[in-house]
2 protein chains.
Amino acid sequence: MKGITKKEKFLATTLQLIHEKGFKATTLRDIAQKLNFEVANVYNYIDSKQALLEAYLFDISDEFHRAQDRIISSTYSPREKLRRMIASYIQITAKRPYEQALLVNDWRNLKEPRRQEFVKRRKDYEDKLMAVLQEGVDQGQFRALDVELTTHTLLASLRWLYKKHIEEAKAINPVEIEKQLTDFIFSGILKN
Amino acid sequence: MKGITKKEKFLATTLQLIHEKGFKATTLRDIAQKLNFEVANVYNYIDSKQALLEAYLFDISDEFHRAQDRIISSTYSPREKLRRMIASYIQITAKRPYEQALLVNDWRNLKEPRRQEFVKRRKDYEDKLMAVLQEGVDQGQFRALDVELTTHTLLASLRWLYKKHIEEAKAINPVEIEKQLTDFIFSGILKN
DNA sequence: ATTAAACATGAACAAATGTTCATGTAAATA
DNA sequence: TATTTACATGAACATTTGTTCATGTTTAAT
């Protein structure tokens with residue numbers, strides 16, 4: 001099965017290129033050059049530049065959603081649900097940092113109607129997380145905070161993490177990162 | 001002084017356009033169309049598309065740096081310094097959400113050598129914030145946290161805020177936002 | 001009123017970019 | 001071995017895009 005390996009190499013290399021330069025700025029000729037073949041050959045791997053972006057984005061997006069749904073349909077407390085959501089978010093990011101980067105930086109390059117679809121899915125994700133937060137506030141596990149604002153803030157505090165994985169040369173300790181971020185979100189930075 | 005007003009209208013309209021579509025995807029023809037004149041006329045307002053981006057980015061970047069430097073050179077405690085940095089960050093974001101959006105989303109479109117310069121400045125900002133955090137940890141005001149990781153997490157938790165200002169139709173209460181975010185960063189979301 | 005500056009147009013261009021096509025070679029399968 | 005499938009090339013294309021130029025028109029300063 002060398003065919004799969006070759007396509008996977010194409011996808012991985014291209015993903016990195018796109019991350020460095022941005023989707024719009026990454027030319028099919030850039031991609032071809034990096035892979036040492038001619039432009040036309042790119043079309044033996046993809047249908048179109050747009051389809052490539054869509055494949056990347058919806059694939060990683062799906063993984064996030066599946067992980068979230070698994071946790072939501074459990075019977076854990078809001079606090080434990082949140083803890084697990086954070087953990088799973090961090091794990092996926094660690095496993096696929098370049099795709100996560102794309103998710104954050106390049107979704108705007110989607111064309112309609114896929115762009116709307118994407119935005120809607122992302123809002124779903126946010127809403128589900130928000131529901132957990134709201135539940136936790138209602139049950140008195142979390143402070144009486146602004147749930148919407150906090151949902152976005154919380155997500156934002158996780159969303160940068162792909163950089164760490166991409167830029168860091170040496171492998172980083174996922175357990176430690178998870179602890180640090182969970183502590184930050186649950187308890188803040190003040191002593192006591 | 002209608003000249004100033006006209007150029008300002010150009011800059012504001014263009015800024016919004018770029019925010020919606022992204023810098024690379026925003027054509028000079030898009031801009032001209034939105035302003036109801038021809039493409040060539042754009043060059044009565046700018047030197048080049050690149051120079052336009054640079055102007056936006058370095059101008060808002062400077063404002064962030066000036067505010068930070070003012071606070072750093074004060075004699076407040078680390079905790080109070082941090083509180084004020086957060087407050088000033090939020091204020092600038094509230095005042096110039098579109099430029100902040102550009103700062104977050106479109107700096108990658110800078111060309112060398114300006115791009116490197118930008119990255120360096122941003123790192124300066126992060127390092128100065130990190131120093132405050134470190135000082136706070138050393139003095140026992142903050143928990144014994146991973147300073148570097150927390151610096152990035154903290155910044156990320158502020159960096160999304162421009163969306164709130166851009167998307168929200170009704171004006172939002174800056175005092176309340178400042179309180180929510182400060183509480184989140186200082187104390188987290190758990191009760192107690 | 002005259003001059004100068006600001007704002008505007010239309011035409012043109014060179015470069016870049018996504019995509020197609022006809023064709024060829026290497027590799028896997030039957 | 002014969003044949004299909006995967007991988008590759010070179011040439012060409014229609015569009016798009018940033019930019020320039022020569023030339024107007026409107027507005028403000030002298």
Side-chain angles (χ1 to χ4, degrees), chain A residues 1-58 102 105-115, chain B residues 1-58 102 105-115:
Chain A
M1 296 294 110
K2 201 166 176 191
I4 291 175
T5 301
K6 217 156 191 181
K7 176 153 193 184
E8 281 177 352
K9 189 198 168 185
F10 172 89
L11 288 176
T13 307
T14 301
L15 185 56
Q16 280 188 40
L17 248 187
I18 292 177
H19 169 255
E20 284 164 27
K21 311 189 63 174
F23 175 76
K24 202 101 209 298
T26 303
T27 297
L28 296 188
R29 282 166 182 81
D30 290 339
I31 296 171
Q33 192 179 20
K34 186 111 184 184
L35 287 161
N36 289 312
F37 52 61
E38 299 302 313
V39 206
N41 193 27
V42 169
Y43 284 86
N44 285 315
Y45 295 91
I46 63 171
D47 289 335
S48 71
K49 206 191 172 194
Q50 271 296 313
L52 177 67
L53 180 63
E54 291 171 10
Y56 283 133
L57 289 183
F58 282 92
L102 222 64
N105 297 316
D106 286 291
W107 64 271
R108 261 194 304 182
N109 292 301
L110 285 174
K111 289 185 180 159
E112 301 298 355
R114 301 290 276 176
R115 179 169 163 154
Chain B
M1 298 292 113
K2 200 164 177 194
I4 291 176
T5 301
K6 216 155 190 181
K7 176 154 194 184
E8 282 179 349
K9 189 197 168 185
F10 172 89
L11 288 176
T13 306
T14 301
L15 184 56
Q16 282 189 38
L17 250 187
I18 292 178
H19 169 256
E20 285 164 26
K21 312 190 62 174
F23 175 76
K24 202 98 208 296
T26 303
T27 298
L28 297 188
R29 283 165 181 82
D30 290 338
I31 296 171
Q33 191 178 23
K34 186 112 182 183
L35 288 162
N36 289 311
F37 52 60
E38 299 302 311
V39 206
N41 193 27
V42 170
Y43 284 86
N44 286 317
Y45 295 91
I46 64 173
D47 289 335
S48 70
K49 206 191 171 193
Q50 270 296 312
L52 177 67
L53 180 65
E54 291 171 9
Y56 283 133
L57 289 184
F58 282 90
L102 222 64
N105 298 316
D106 287 291
W107 65 270
R108 263 194 303 181
N109 292 301
L110 285 173
K111 289 184 180 158
E112 300 298 355
R114 300 291 274 174
R115 178 170 164 154

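Quick note on labels: first sequence line is chain A, next is B, and so on, each numbered from 1.
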Please confirm whether B:K49 makes a cation-pi placement over B:F23, using NZ or CZ under 6.0 Å from the six-membered ring centre and within 45° of the ring normal.
yes
Does D:dA8 have OP1 or OP2 under 4.0 Å away from a side-chain N or O of A:Y43?
no
Need to verify one output field. Residue with the more 5' nearest nucleotide on DNA chain D, A:K24 or A:N41?
A:N41
Tell me if the side-chain of B:N44 makes a donor-acceptor pair with the base of C:dA6, cut-off 3.5 Å, by modelled atom types.
no
Just how far, in rounded Å, is P of D:dA6 from NZ of A:K9?
19 Å
To the nearest angstrom, how far is A:L35 atom CG from D:dT9 atom P?
11 Å
Calculate the interatomic distance between B:F37 atom CZ and D:dT25 atom C1'; express it in whole Å.
16 Å
Could you state the atom-to-atom distance from NZ of A:K7 to P of D:dA6 in whole Å?
10 Å
Return the value, rounded to whole Å, for the distance between atom CG of A:L28 and atom C1' of C:dG18.
6 Å
Report yes if some heavy atom in the side chain of A:L11 is under 4.5 Å from a heavy atom in the side chain of A:L52; otherwise report no.
yes
Among D:dA8, C:dC21, C:dA8, which nucleotide has an atom closest to any side-chain atom of A:A40?
C:dC21
Between CZ of A:R29 and P of C:dA16 the distance, given in whole Å, is 10 Å
Give one of base, sugar-phosphate or nothing for A:V42, where a contact means two heavy atoms less than 4.0 Å apart.
nothing
When rounded to the nearest 0.5 Å, the distance separating NZ of A:K111 from OG of A:S48 is 8.5 Å
Find the distance B:K49:NZ to D:dT17:C1' and express it as a whole number of Å.
8 Å
When the distance from CG of B:L53 to C1' of D:dG18 is rounded to whole Å, what number comes out?
15 Å
For B:K6 and C:dA8, is the shortest distance between a side-chain N/O and OP1 or OP2 below 4.0 Å?
yes
Passing option when A:L28 is tested against A:D30, A:I31, A:T26 for side-chain contact (heavy atoms from CB on, under 4.5 Å):
A:I31
Student check: side-chain heavy atoms of A:R115 and A:E112 closer than 4.5 Å:
yes
